[in-house]
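Chain identifiers are assigned alphabetically (A, B, ...) following the order of the sequence lines, protein sequences preceding nucleic acid strands; residue numbering begins at 1 within each chain.
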Amino acid sequence: MRIAVAGKGGAGKTTVSGTIARALGRAGHEVIAVDADVNPMLGISLGLGMDDTERLAAVRQGLDTGQTDHEPTIEGMLERFGADAPDGVRILVASRVDMPDSGCGCCATTADRLLGAVESEGRTVLGDLEAGTGVLARMKPGSLDVVLVVANPAPKAIEVARRAVETAVARDCRVIVVANRVKDAEDLEAIRAVLGDQEIVVICEDPIISQADAEGLAPIDLDAEAPGVLALVALGERLAAAPAHAG
Amino acid sequence: MPDTAELIRRSKTGSGVNAPGADARLWIATAGKGGAGKSVLTGTLARVLARRGHRVLAIDSDTMPGLTQSLGVAEPETCALLGAAEKPEGGRWRLRPGVGPARIVSRFTTQAPDGIRLLQLGKADKDGLAPVAGAVSAFLDFVYRINEAESLRRWAIIGDLPAGPRHPGAGFSAYTRLYVVVVEPTSQSALTGRRIASLARNHLGADVLLVASKVANPAGRRRVERLLGEPVDLEIPLDPAVVRAEREEVAVFDAAPDAPVVRAVERLADAVQARTLGR
């Protein structure tokens with residue numbers, strides 16, 4: 001199964017991605033977590049900490065610098081450039097921007113190509129996308145089974161989520177809206193008013209998740225029984241139980 | 001270093017910052033992680049600088065909506081910049097004959113309050129940026145050729161960058177002399193801030209102004225500084241006026257001109273003017 005997580009910056013994509021990946025790994029699934037954001041953060045919510053997250057090698061830079069021979073296969077890339085996170089999750093960072101790039105940021109091994117190419121038969125590939133809808137818009141129809149669109153209850157985040165849903169639907173994906181950081185009925189209503197046609201999963205505002213983000217920890221490591229964490233674990237179980245994409 | 005009142009006086013009399021020949025450009029880009037408050041700060045800063053007498057060009061290079069609201073202008077139905085480009089049969093998008101950076105500002109921007117001009121890259125829909133490809137092409141021509149426009153030398157140019165380091169990395173913010181790096185008290189926001197600050201200082205030769213945003217208490221600022229590994233230049237308080245303005249779809253600058261966040265942006269404007277005009 002291939003899952004992508006999209007939404008506005010700050011909506012909670014990375015926290016949702018990291019926690020679901022850990023939960024699926026803990027439940028015994030083979031999980032490949034692809035950080036498809038050029039500002040890679042997924043390592044933090046997977047539990048690697050800020051410093052190790054900063055050290056993770058990115059695929060494209062590894063190839064570009066000529067420090068390494070060309071790696072012809074995606075499985076080889078996973079082997080050579082991937083890193084181990086807790087609960088058996090393997091993380092692969094697609095690309096990171098550290099230097100001014102005089103050329104086109106869209107060439108070489110792009111996040112969308114990499115995410116679309118990692119073998120998903122018998123395992124879960126989970127891609128944490130860059131803010132906005134750019135990577136999603138470049139994905140080929142049929143290359144993703146599920147798109148989790150994360151929306152916190154702020155007008156701009158809901159508008160970006162609406163565009164992400166449109167973009168995902170146009171690519172034949174099952175869409176689940178993750179209504180994140182919901183504090184009250186009014187928050188949920190704001191999300192439902194725009195995205196009510198979609199399947200919605202609610203994650204309530206959880207001080208444990210905020211604390212984890214403040215300290216650079218994985219929420220599941222800080223408190224696996226916190227309500228927000230449990231809701232994300234349940235979403236992971238629901239995804240794992242669903243049949244693969246039917247087209 | 002002139003103080004704010006002095007700058008205002010000089011800009012109004014034309015004897016100082018706006019005098020012919022004076023290199024009075026304020027070239028600023030606001031950068032940071034999504035949700036840190038970039039758009040609110042950029043839009044409000046643009047309004048504050050415009051009220052202080054600067055001619056302001058606001059550049060919105062985010063492919064998602066964002067900056068219009070904090071500037072106090074409605075999101076345009078169609079991207080004004082589309083009119084600047086043409087695509088010859090079988091060729092690539094290019095600027096229409098006679099169109100350069102100055103003409104783009106006068107003809108293909110949206111008017112916002114206080115005389116601000118808004119230049120927008122164009123917004124992505126379900127087909128990505130394909131429907132606004134002409135505007136994207138014109139946008140890149142504009143930012144790479146911005147120095148050609150003598151008439152823009154006296155403008156304050158302020159860009160609201162999309163989340164993360166992609167745009168500074170790709171050189172889309174070539175106009176930038178000062179990066180205002182906005183960091184809220186979270187690990188992800190701080191790591192993004194570190195990356196952008198490093199990119200700006202070490203590779204783009206730009207100055208960096210570090211801003212702690214959404215600061216609820218003194219511990220919030222200390223947390224930002226600890227996570228960043230260096231002190232910040234100023235802080236912007238967590239202010240419910242921002243949330244209220246967003247819900248009501250108005251600019252916080254118009255809805256609550258005395259709100260703590262607007263006061264803080266006035267201090268940000270002081271710092272920006274000191275950093276860019278004072279050197």
Between A/Arg22 and A/Asp221, is there a salt bridge with N-O shorter than 4.0 Å?
yes

Heavy-atom proximity to chain A below 4.5 Å, by part of B/Arg194:
side chain

If one checks every heavy atom of B/Leu227 against chain A at 4.5 Å, the contacting part turns out to be both

Taking A/Asp112 as the fixed residue, which of A/Arg138, A/Lys140, A/Arg171 is the one that meets the salt bridge (Lys or Arg N to Asp or Glu O under 4.0 Å) rule?
A/Arg138

Closest-packed option against chain B by number of heavy-atom pairs under 4.5 Å, given A/Ala212, A/Ala154, A/Pro40:
A/Pro40

Quick check on the structure: residues of residues 185-203 of chain A within a heavy-atom distance below 4.5 Å of chain B, by number.
A/Glu186, A/Asp187

Quick check: closest heavy atoms across A/Pro219 and A/Ile208, and the distance to 0.1 Å?
O-CG2, 4.4 Å

For chain A, which candidate among B/Gln188, B/Lys33, B/Met64 shows the most heavy-atom pairs at distances under 4.5 Å?
B/Gln188

Which atoms of A/Ser210 are under 4.5 Å from chain B, going by heavy atoms: the side chain, the backbone, both sets, or neither?
neither

Any carboxylate oxygen within less than 4.0 angstrom of a Lys/Arg side-chain nitrogen, looking at B/Asp254 and B/Arg47?
yes

Assess whether a salt bridge exists between B/Glu230 and B/Arg201, defined as any Lys/Arg side-chain N lying under 4.0 Å from an Asp/Glu carboxylate O.
yes

Do B/Glu75 and B/Gln69 pair up side chain to side chain, a donor and an acceptor below 3.5 Å, judged on atom types alone?
no

Region of A/Ala214 that comes under 4.5 Å of a non-hydrogen atom in chain B:
both

Is it true that A/Arg163 and A/Glu159 have a side-chain N and a carboxylate O under 4.0 angstrom from each other?
yes

So, for B/Leu67 and B/Ala58, which heavy atoms are closest and what is the spacing to 0.1 Å?
CD2-CB, 4.2 Å

We want to know whether B/Asp160 and B/Thr30 form a side-chain donor-acceptor pair, criterion being a heavy-atom distance below 3.5 angstrom.
no

Segment of B/Pro185 engaging chain A (4.5 angstrom heavy-atom cut-off):
backbone

For chain A, which of B/Leu191, B/Asn202, B/Ile196 has the most heavy-atom pairs under 4.5 Å?
B/Leu191

Residue, of A/Pro155, A/Ala137, A/Ala131, that accumulates the most heavy atom pairs under 4.5 Å with chain B:
A/Pro155

Please check: side-chain N/O of B/Ser61 versus main-chain N/O of B/Leu121, any donor-acceptor pairing under 3.5 Å?
no

